[in-house]
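To start, the structure itself, in structure tokens.
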Amino acid sequence: MKIIAIANQKGGVGKTTTAVNLCACLAELGKRVLLVDLDPQANATTTMGMAPDPENNLYYPLVDGTPVEDQIRETHLERFYILPAALQLAGVEVVMAQKGNHHSRLREVLAPLGDLGQLDYVIMDSPPSLGILMTSALSTADDLLVPVQCEFFGIQALAGIYQEVLGSMQEAGLAHARMEGIILTMYDGRTRLARSVIEEVRTHFPEQTYKTIIPRTVRLGEAPSHGNTIIEYDPSEVGAFAYRALADEFLQRRREYRIT
Ligand SMILES: Nc1ncnc2c1ncn2[C@@H]1O[C@H](COP(=O)(O)OP(=O)(O)O)[C@@H](O)[C@H]1O
Ligand SMILES: [Mg+2]
């Protein structure tokens, strides 16, 4: 079981879209995946067609030690499980800060899942803030995936998470994640700026930057409002092809080519 954090302190860069669709495409390729929704806004939960439920989210495992297995739900897709979020999860920030063990807590909570040996990947969708939930994701993950919007501020956000956030956590011994991948999102081929952002990211991070680029498409934006992933909502659309290619590349980079 590998734990992957999808994180970027900037909002609206495609974290949730990438988390949900990467999980769906990995499940389609035969992997057993758990999507952990760490964002109190519960966008990933809603995208999977579930209403946020105050009784069913990560709050209890994190705060009072409820077994994490009790909070996991099946989704409508085979091999795709979810640990949902709800607004209540925002309260974790306060409670965990008081307890002082916040950097290791999420890792402890997820550890029993590794012992069960039934999951291939745990993919965490992080909130767009530099709070405890996001830093917990970084200190729990084996790998960090950073979605970067193909826009000017995209590069600034990438530098921020790489240097200030991950770098300082690693220095303090609080994170062992490697920045495994950078995923360029919301690409609009008509703009020269988008192309120059890609070039700059690839120049600075030649190893980490995924070859697959996620285009900006109307259908990718619409799918969440239908409680669906792109491979169900419009399987023949370019966005679906892009996320399938991303899942392929994700597995190839881990030398785990598809088993189906
Ligand atoms: N490639 C894309 N093309 C078009 N719309 C997108 C794309 N990726 C995400 N969106 C839309 O942009 C908004 C922000 O994306 P989201 O994945 O929620 O970002 P984050 O989780 O980083 O805040 C959402 O409304 C989402 O549906
Ligand atoms: Mg999000």
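Predicted, not measured: the structure shown is a model, and the values here were computed from it. Counting starts at 1 for both ligands and their atoms, in listed order.
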(request) Tell me which protein heavy atom sits closest to atom 12 (O) of ligand 1, plus the residue, atom name and distance to 0.1 Å. (result) Met186 CE, 3.8 Å
(message) For a quick test of reading the model, state the closest non-hydrogen atom pair linking Pro147 to Thr185 and the distance between them.
(response) CB-CG2, 3.9 Å
(message) Nearest 0.5 Å, please: how far is OG1 in Thr18 from CG in Leu145?
(response) 8.5 Å
(message) Distances under 2.8 Å only: what protein N/O/S atoms are near the Mg ion (ligand 2), ordered by chain and residue?
(response) Thr16 OG1
(message) Is the shortest side-chain heavy-atom distance between Thr17 and Tyr243 below 4.5 Å?
(response) yes
(message) Taking 4.0 angstrom as the limit and counting only heavy atoms of Leu220, give me the atoms of ligand 1 inside it, by number and element.
(response) 1 (N), 2 (C), 3 (N), 27 (O)
(request) Classify the contact between Thr17 and ligand 1 as side chain, backbone, both or neither, using a heavy-atom distance cut-off of under 4.0 Å. (result) both
(message) Looking only at distances, can you tell me whether any N or O atom of Val13, backbone or side chain, sits closer than 3.5 Å to an N or O atom of ligand 1?
(response) yes
(request) Could you list the atoms of ligand 1 found under 4.0 angstrom from a heavy atom of Ile214? (result) 1 (N)
(request) Compare Gly14, Ala19, Pro215 and give the one whose heavy atom is closest to atom 2 (C) of ligand 1. (result) Pro215
(request) To the nearest 0.5 Å, tell me how far Asp53 CG sits from Leu87 CG. (result) 12.5 Å
(message) Counting only nitrogen or oxygen atoms and a 3.5 angstrom limit, does Lys10 reach ligand 1?
(response) no
(request) For Gly12, take its heavy atoms, then give the atoms of ligand 1 lying under 4.0 Å from any of them. (result) 14 (C), 19 (O), 20 (P), 22 (O), 23 (O)
(request) Kindly compute the distance separating OG (Ser139) from CG (Leu174), expressed to the nearest 0.5 Å. (result) 7.0 Å
(request) Kindly confirm or rule out a cation-pi arrangement of Arg73 over Tyr81, judged by NZ or CZ under 6.0 Å from the six-membered ring centre and within 45° of its axis? (result) no
(message) Checking the N or O distance criterion of under 3.5 Å, is ligand 1 in contact with Thr16?
(response) yes
(request) List for me each residue that meets ring-ring contact (aromatic ring centres under 6.0 Å, His included) alongside Tyr121, sequence neighbours excluded, and say none if there are none. (result) Phe250
(request) Decide whether an N or O pair under 3.5 Å exists between Asp125 and ligand 1. (result) no
